[in-house]
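I have placed the structure first, in the form of structure tokens, so that the comments after it can refer back to it.
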2 protein chains.
Amino acid sequence: MVTFSEENYLKAIYHLSKHGSVSVSTNAIAQRMDTKASSVTDMIKKLSEKDLVDYKKYQGVSLTESGRLTATTVIRKHRLWEVFLVDKLNFSWDEVHEVAEQLEHIKSEKLIDQLDAFLEFPTHDPHGDPIPDKQGNFKKTEKMLLSQLAEGETCICIGVKDSSSEFLQYLDKHQIALGTIIKVVSKETFDESMTLQINAEVLAISKEVSNNLFVKAN
Amino acid sequence: MVTFSEENYLKAIYHLSKHGSVSVSTNAIAQRMDTKASSVTDMIKKLSEKDLVDYKKYQGVSLTESGRLTATTVIRKHRLWEVFLVDKLNFSWDEVHEVAEQLEHIKSEKLIDQLDAFLEFPTHDPHGDPIPDKQGNFKKTEKMLLSQLAEGETCICIGVKDSSSEFLQYLDKHQIALGTIIKVVSKETFDESMTLQINAEVLAISKEVSNNLFVKAN
DNA sequence: ATAATTTTTTAGACAAGTCTAAATTTTAAT
DNA sequence: ATTAAAATTTAGACTTGTCTAAAAAATTAT
Ligand SMILES: [Mn+2]
Ligand SMILES: [Mn+2]
Ligand SMILES: [Mn+2]
Ligand SMILES: [Mn+2]
């Protein structure tokens with residue numbers, strides 16, 4: 001039995017360790033989870049006791065295979081629920097995360113299998129993040145940041161790096177959604193700001209924005 | 001903020017008090033929740049502190065208006081999720097309760113409103129129990145037990161009193177579902193066992209069964 | 001009316017998860 | 001190589017929800 005809290009720690013470690021490969025520091029976890037380093041140490045000991053992480057004092061933690069699978073299962077549930085909320089319950093993409101944080105902890109294998117089928121086996125969540133399969137495997141996608149494009153290039157928006165409500169609402173306001181075709185009209189060398197063409201409209205964006213939009217070449 | 005545990009206690013009190021009217025004993029709550037009387041006393045004090053129940057030592061508890069609304073909201077969520085599981089995710093009626101026990105605690109008013117709409121505002125859950133509205137009002141239905149019928153009478157199955165998997169699977173096995181038309185062919189005065197006619201089939205049932213099936217006259 | 005029984009509450013303990021403050025170890029700087 | 005700074009762990013405390021055992025109150029039986 002894995003508790004809600006343990007699941008949240010595993011998820012944080014997974015994300016911080018870039019899919020469970022590298023080892024993660026206590027402080028990094030504390031910062032990400034908005035908690036204290038001492039609480040992290042306590043929890044790490046419990047996770048280690050349950051063989052969900054490998055831990056040696058002062059050396060950081062990494063996920064075991066079992067811990068990795070637990071983490072990816074939670075991520076799978078989180079993203080499937082996000083798809084459900086957007087596709088079936090008319091939530092907008094900036095409203096789903098908070099609710100999915102709760103739903104991701106519901107325990108029922110049948111529930112998640114049936115939900116997956118009901119949603120017709122989606123491959124990505126509403127923010128463009130890939131949904132792992134039951135074994136925790138992600139389909140690798142070749143995505144790049146909009147900021148990496150040069151003048152004149154065209155691309156399709158396929159995801160967001162920052163999925164805060166503020167950023168998502170900014171994108172809504174300027175008609176940028178997943179699937180939107182974007183052309184880089186010009187790019188300033190000074191501050192890396194860009195002028196984009198989206199449909200018939202022209203939009204000036206900062207590096208802040210181009211650095212948080214994932215695109216693929218068109 | 002109401003915790004999962006508090007919600008479960010309020011729900012238990014609600015059910016034991018027949019929709020929140022009468023006052024409920026500590027022992028009754030303990031028995032229903034499969035916990036100890038001392039734990040119940042502890043929790044009652046917390047609920048009382050939050051003005052969710054009225055409590056005087058040794059006198060039992062009753063729900064306040066606020067407690068009643070919290071309880072009916074949880075019941076509303078439980079039953080809507082059960083409908084979702086059966087109607088959309090192909091669960092059978094004997095599989096949904098356990099998962100709904102988890103889902104009922106998810107906090108999001110928008111979620112439940114949208115789910116209600118998505119399910120097209122169902123009035124009853126898969127076991128025939130009524131779904132309260134947002135204000136906690138139930139539509140009163142005039143249901144009776146099959147055991148109350150006399151020989152020769154015909155009725156429609158509209159609910160179950162016992163919703164254990166065992167009973168529900170028994171009903172499945174004998175082709176009894178909500179909406180099934182049942183005719184009482186004969187009734188023994190000795191043990192109140194009955195012979196039923198269901199579609200073309202004849203079925204002998206014990207008082208145990210007839211006492212747990214809600215029907216309405218046809 | 002008193003005694004026996006049952007119900008309910010209190011007292012004290014424990015596990016989970018968190019915190020603050022202090023101690024320890026590691027890392028970076030001189 | 002020492003010293004200073006940063007990161008990490010430990011010690012002790014607190015909250016929530018639970019338990020057992022004992023005390024107190026209410027109910028039932030004699
Ligand atoms: Mn999310
Ligand atoms: Mn997402
Ligand atoms: Mn149920
Ligand atoms: Mn039900």
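Convention: sequence-line order gives letters A, B, ...; per-chain numbering from 1.
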Salt bridge present between A/K134 and A/D113 (N-O < 4.0 angstrom): yes
Close side-chain approach of A/V83 and A/I131, heavy atoms under 4.5 Å: yes
Nearest heavy-atom pair of A/L168 and A/W93: which atoms, and what distance? CD1-O, 3.3 Å
Within the 4.0 Å limit for protein heavy atoms, which parts of nucleotides 16-23 of chain C are touched? Write it as a string from 5' to 3', B for base, S for sugar-phosphate only, - for none. SBBBB---
Carboxylate-amine/guanidinium contact A/E104 A/K77, below 4.0 Å: no
Derivation of the side-chain contact (heavy atoms from CB on, under 4.5 Å) call for A/D162 and A/L213: CA-CA 8 Å; A/D162 171 5; A/L213 259 192; over 6 Å; no
Between A/F84 and A/V96, is there a side-chain heavy-atom distance shorter than 4.5 Å? no
Rounded to whole Å, please give me the gap between CG in B/N8 and P in D/dT16. 17 Å
Return each pair, listed once, that meets side chain to side chain donor-acceptor pair (under 3.5 Å) where at least one residue sits in residues 43-67 of chain A; pairs must be two or more places apart or across chains. A/E6-A/K50
Among residues 48-57 of chain A, which residues get a heavy atom nearer than 4.0 Å to DNA chain D? A/Y55, A/K57
Can you check the A/K45 NZ to D/dT8 P distance for me, whole Å? 14 Å
Can you see if the side chain of B/N27 gets near the phosphate of C/dT6 - specifically, an N or O under 4.0 Å from OP1 or OP2? no
Of A/Q59 and B/T41, the one whose closest nucleotide on DNA chain C sits nearer the 5' end is B/T41
Only one of B/D116, B/D125, B/D129 forms a salt bridge (charged side-chain N to carboxylate O under 4.0 Å, His left out) with B/R76, so which one is it? B/D116
